[in-house]
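Throughout, protein chains are lettered first and strands after them, A, B, ... in sequence-line order, and every chain is numbered starting at 1.
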Protein chains: 2
Amino acid sequence: MTNSTMDDIDLRILNCLLERADLPHKEIGQRVHLTGQAVGARVRKLQELGVIEGYTIRWNPDKIGLSVHAFVTVFMTSNHAHQTFQSFVQHKEQIVELHRVGGEGCYWMRVRVGTQAELTALLDELLQYGNYKVSLSIGQMK
Amino acid sequence: MTNSTMDDIDLRILNCLLERADLPHKEIGQRVHLTGQAVGARVRKLQELGVIEGYTIRWNPDKIGLSVHAFVTVFMTSNHAHQTFQSFVQHKEQIVELHRVGGEGCYWMRVRVGTQAELTALLDELLQYGNYKVSLSIGQMK
DNA sequence: TAAATTCCTTTCATTGTGAAAGTATACAGC
DNA sequence: GCTGTATACTTTCACAATGAAAGGAATTTA
């Protein structure tokens, strides 16, 4: 790898892939005026640079019954519970995203569950680590 | 398509794809004891059901200079501003996710920008619609 | 028991992909 | 100003992945 910096074409390829990662390189190539092979080489470069981390699917959790989508801010009550809290979170598959935050609270997390009852149960467990604030998503606009 | 219900194999395929959507169907097939073609048929079924919405990439905004990752809760001050607020958000590419929420505030949004100054500028613009609370992600654990 | 249905496998044609070789352009050093 | 080197592309080619079609096993329905 030579040039470790991204140009405008790389950005356009990135945008194409974000929108539709199953697009053939040849078709992306038509949009950025390159052959499929050249696109392939750039994509490989972007992966080596760590810009592209991997391929995934966009999906709809609602369709498999995960209709409750909550944002939870956690306020830790003890300074010593961080380790156990984090391992607690890691093995809870309902918690699909976790960030350490500065500002409001200590952690921010996204939760996906099937029922209100399941959410309540999770929140009850959370109490061993601290307090929380919950917001429920009632519609995604973007 | 006949059976509109998902079975355990479908779920396992879904998980494979969430982890690595570029895995060949043949290889997924080995994990769930099916041929590649059978996996392909199931994936097509999941797309028709709307469970799978499309293919994307996982990427690292940090690597292209988007190092500020903020969670913003918006408290609207007027009941009439929702329309203009939503179109405002739609054409701001720094706002990468937006939800209407119940609980804390009216909207929750995820913001990706390069600098604190850029965040400040965005928050200033937000003031025409309402107040806000900001948290900055200082590390993603999941 | 026979017919229909579902879901799979096998086979095959088409398409996508990555490696290799060749070409054009830019740039450094003599 | 020329030559060597590097970069990034295109073309060619072999291989792998994919989807369509046909056929088979197991289950359901009458």
Using the side-chain hydrogen bond (donor to acceptor under 3.5 Å, both in side chains) rule, collect all pairs that involve residues 132-142 of chain B, keeping only residues at least two apart or in two chains. A:His99-B:Ser137, A:Glu104-B:Lys133, B:Glu104-B:Lys133
Inter- and intrachain pairs under side-chain hydrogen bond (donor to acceptor under 3.5 Å, both in side chains), touching residues 71-88 of chain A, at least two apart: A:His82-A:Tyr107, A:Gln86-A:Tyr107
Report yes if at least one side-chain N or O of A:Arg42 is closer than 4.0 Å to OP1 or OP2 of D:dC9; otherwise report no. yes
Shortest non-hydrogen pair, B:Val32 vs B:Arg12, comes out as CA-NH2, 3.8 Å
Side-chain donor or acceptor of B:Glu118 paired with backbone N/O of B:Gly114 under 3.5 Å: yes
Within less than 4.0 Å of OP1 or OP2 of C:dA19, is there a side-chain N or O belonging to A:Arg44? yes
Atom-pair distance (CE on A:Met6; P on D:dT7), nearest Å: 19 Å
Show every donor-acceptor pair shorter than 3.5 Å between a side-chain atom in residues 119-129 of chain B and any protein atom, with sequence neighbours excluded, or say none if there are none.
unit_1   : atom_1 : unit_2   : atom_2 : d
B:Thr120 : OG1    : B:Gln116 : O      : 2.9
B:Glu125 : OE1    : B:Lys92  : NZ     : 3.4
B:Glu125 : OE2    : B:Lys92  : NZ     : 2.8

In terms of heavy-atom contacts, A:Met76 and A:Cys106 come closest through N-SG, 3.6 Å
Write down the distance between CG (B:Asp7) and P (C:dC7), rounded to a whole number of angstrom. 9 Å
Here the distance between atom C1' of C:dC8 and atom NZ of B:Lys45, to the nearest Å, is 12 Å
With sequence neighbours left out, what residues match A:Asp22 under side-chain hydrogen bond (donor to acceptor under 3.5 Å, both in side chains)? A:Arg20
Between A:Glu97 and B:Arg110, does any NZ, NE, NH1 or NH2 come within less than 4.0 Å of an OD or OE carboxylate oxygen? yes
Scan residues 24-39 of chain A against DNA chain C and write down, sorted by residue number, each residue with any heavy atom closer than 4.0 Å; if none is found, say none. A:Pro24, A:His25, A:Lys26, A:Gln37
Starting from P on C:dC8, measure out to CD1 on B:Ile9 and report it in whole angstrom. 6 Å
Name every residue in residues 51-59 of chain A that has at least one heavy atom under 4.0 Å from any atom of DNA chain C, in order of residue number, or write none if there are no such residues. none
Interatomic distance, B:Asp8 CG vs C:dC7 C1' [rounded to whole Å]: 16 Å
Value in whole Å for how far the P atom of C:dG16 lies from CG of A:Leu17: 15 Å
Would you call B:Arg42 and B:Asp7 a salt bridge, taking side-chain N to carboxylate O under 4.0 Å as the test? yes
